[in-house]
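Within every chain, numbering begins at 1; the chains are lettered A, B, ... in the order of the sequence lines, protein sequences first and strands thereafter.
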2 protein chains.
Amino acid sequence: MITLTDVAKRAHVSTMTVSRVLHHPEQVSEEIRLSVQKAISELGYKPSRVGQALSKQRQFVIQFLILEDVKKVDPYYAKLLLYIADFLRNEGYTLEINHDATYHASQVDGTFVSGARKSDLKMLTELPYPIVSYGKVGQEIPYVDIDNAKGTFMITKYLISVGYQNIIYIGLNLKEDFSLERKKGYETAIIENKRKAHIFMINNDEHEAAALVNQLDLKEKTAIVSATDRIAIGVLQRIQECGIADVGVTGFDGVFISQFSLHKLTTVEQPLKEIARTMVEMMLKLINKENVKSTLIKPRIIIGETTRKQKVIR
Amino acid sequence: MITLTDVAKRAHVSTMTVSRVLHHPEQVSEEIRLSVQKAISELGYKPSRVGQALSKQRQFVIQFLILEDVKKVDPYYAKLLLYIADFLRNEGYTLEINHDATYHASQVDGTFVSGARKSDLKMLTELPYPIVSYGKVGQEIPYVDIDNAKGTFMITKYLISVGYQNIIYIGLNLKEDFSLERKKGYETAIIENKRKAHIFMINNDEHEAAALVNQLDLKEKTAIVSATDRIAIGVLQRIQECGIADVGVTGFDGVFISQFSLHKLTTVEQPLKEIARTMVEMMLKLINKENVKSTLIKPRIIIGETTRKQKVIR
DNA sequence: ATGAAAGCGCTAACAT
DNA sequence: ATGTTAGCGCTTTCAT
């Protein structure tokens, strides 16, 4: 391995001069600077992360702590991780993946966390470094999340705008924040437009969704707002089987699932790249002891082929 | 931060004695060992990764280098990453995620790579540390892969065993190894059972698959072996729409996609946990300068609801 | 503008 | 069985 000392010898200067060339080049005379830079590139010198970490007492490593069970990991996490890794790298940080919930002792400069629940709050607040959560856990922990209420609000409003008369919501039978928010978004849009709310709550299961559709006696000009893509897929398949005409179906999340269907699903997209960017920005601020505010990312609705197309709201 | 020195002072010994208690406890008298262990736990001492890395000249970090574009990342990568992270952690290693293909300069003890192509071979073989690839790139690089030929072979044989007379293969129009292997597995099973091969090659697109089905004039007792779940989804939806009876459909990969359908797809599963375990084992051997052999993992076929069920082959 | 010295946390090699 | 020394690569502090 090429070290600072190697470069220093080659350039006939001290290691400090080399270090200065790298970090405070303005403090070094041009002549020496050039010859040091030459030595660096000739030798192919790369600073050792370990050496820097030791003397700076910083690791330049951020961990992503996934608290879900492996089997339940959402498919789009891979994308989120990669986006985060990319953004971090631009800032000179590295991303370390950790999974086991008992493993918080890792020596890092900060932690991203996903899948955290209220019961994790104590453990998380006790960590000796900054945390940013993907998804709200509690006010104590800065988070980034999609604006769930806005998502269902936007998509419901869209359905109304393209002429659906009757709009049904199939929600998630869960007491988590995101589930309540999604329901609220639908209700707000319904009230604003003086329609009648029709709400059903089920588990996140395509078969339950299909079974529910069977009992609904759907008419034309009806649209179904689903709280997740998975519910939407069940609804959609049942509707197609029955051959009911002009019934709109929408989902929520829509990163992979909605692609695996002949008819592209109208859905609320998780803007993963923006979520990643925001999470990284917040982390860097926290590391610099700056204050941050939890952020809701504005969702984007994707108009697919499972709803009418007339005009598009933004 | 609590250091070795803190522990040493507390236990009234030298730092080396503390280090020995941690790494070679048999070399330390029981009396001292106990008092050092007491000091360690009272202070909550955790060895510094950086300090160890510096003196051992090792990082205890493995990177996973994903060479695909973010947008094309397979959904099941998240699972693979987590499994690998878990296995590595048991061995005292940490998993670092890197994505940008130009970023191979990372200081790590080894690299896992996925999505590598022939054109990456040169770069990969020049890396100064061990590599294990997920998926075959060339003989130069140790890899772990699912036994693609065996997968299609097994599933074709299964279809024959449950009584399908006519078995069609819809393959991927790609010259990559895995695509050729999957086709070969089908052909081998067909020849062994003295059936007639019917092969079509298309892109990995559900619409192309559906369009192909339209031209096929399918009869009863026919089954379609698809090279990917995505193709299978297209086939399946088209068949359901047409209401053709007793036509079997199978896929390949089947980690997430096959779950998002009312009718669970019969498919060849990527045994991700075993792939992860094998990749980690190989990496550790390589780090220890032992020889390794590239490994094909035996696939498992999942019998879903898109094929007849009579008896199960293993 | 440049350099020397000390220290970050740890361990291998060498004493005792 | 235990301790001392030196060194891993780098940066901060304090000379010069």
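B:Q27 has its CD atom 14 Å from the C1' atom of C:dC14, to the nearest Å. C:dC10 atom P lies 9 Å from atom CG of B:D6, rounded to whole Å. As rounded to whole Å, 15 Å separates atom C1' of C:dC10 from atom NZ of B:K9.
Side-chain nitrogen and oxygen atoms of B:S29 include none within less than 4.0 Å of the OP1 or OP2 phosphate oxygen of D:dA1. Put simply, B:S14 has no side-chain N or O that comes within less than 4.0 Å of OP1 or OP2 on D:dT2.
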Which letters describe nucleotides 9-16 of chain D, given B = protein heavy atom under 4.0 Å from base, S = only from sugar-phosphate, - = neither? BBBBB---

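Screening residues 24-44 of chain A for side-chain hydrogen bond (donor to acceptor under 3.5 Å, both in side chains), with sequence neighbours left out, gives A:R10-A:E42, A:K38-A:E42. Annotation: ring pair (Phe, Tyr, Trp, His ring centres under 6.0 Å) contacts involving residues 43-67 of chain A, sequence neighbours excluded, comprise A:F60-A:Y93. The list of salt bridge (Lys or Arg N to Asp or Glu O under 4.0 Å) pairs with a residue in residues 271-282 of chain B, not counting sequence neighbours, is empty.
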Side-chain polar contacts of residues 287-294 of chain A - donor-acceptor pairs under 3.5 angstrom, sequence neighbours left out - could you list them?
{"from": "A:N288", "atom 1": "ND2", "to": "A:L284", "atom 2": "O", "distance (Å)": "3.3"}
{"from": "A:S294", "atom 1": "OG", "to": "A:Y143", "atom 2": "N", "distance (Å)": "3.0"}

List the atom pairs, donor and acceptor, that lie under 3.5 Å between side-chain atoms in residues 131-142 of chain B and the rest of the protein, sequence neighbours left out.
{"from": "B:S133", "atom 1": "OG", "to": "B:G135", "atom 2": "O", "distance (Å)": "2.6"}
{"from": "B:Y134", "atom 1": "OH", "to": "B:Q270", "atom 2": "OE1", "distance (Å)": "3.1"}

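Listed for the B:Q107 side chain is a donor-acceptor partner under 3.5 Å among the backbone atoms of A:R49.
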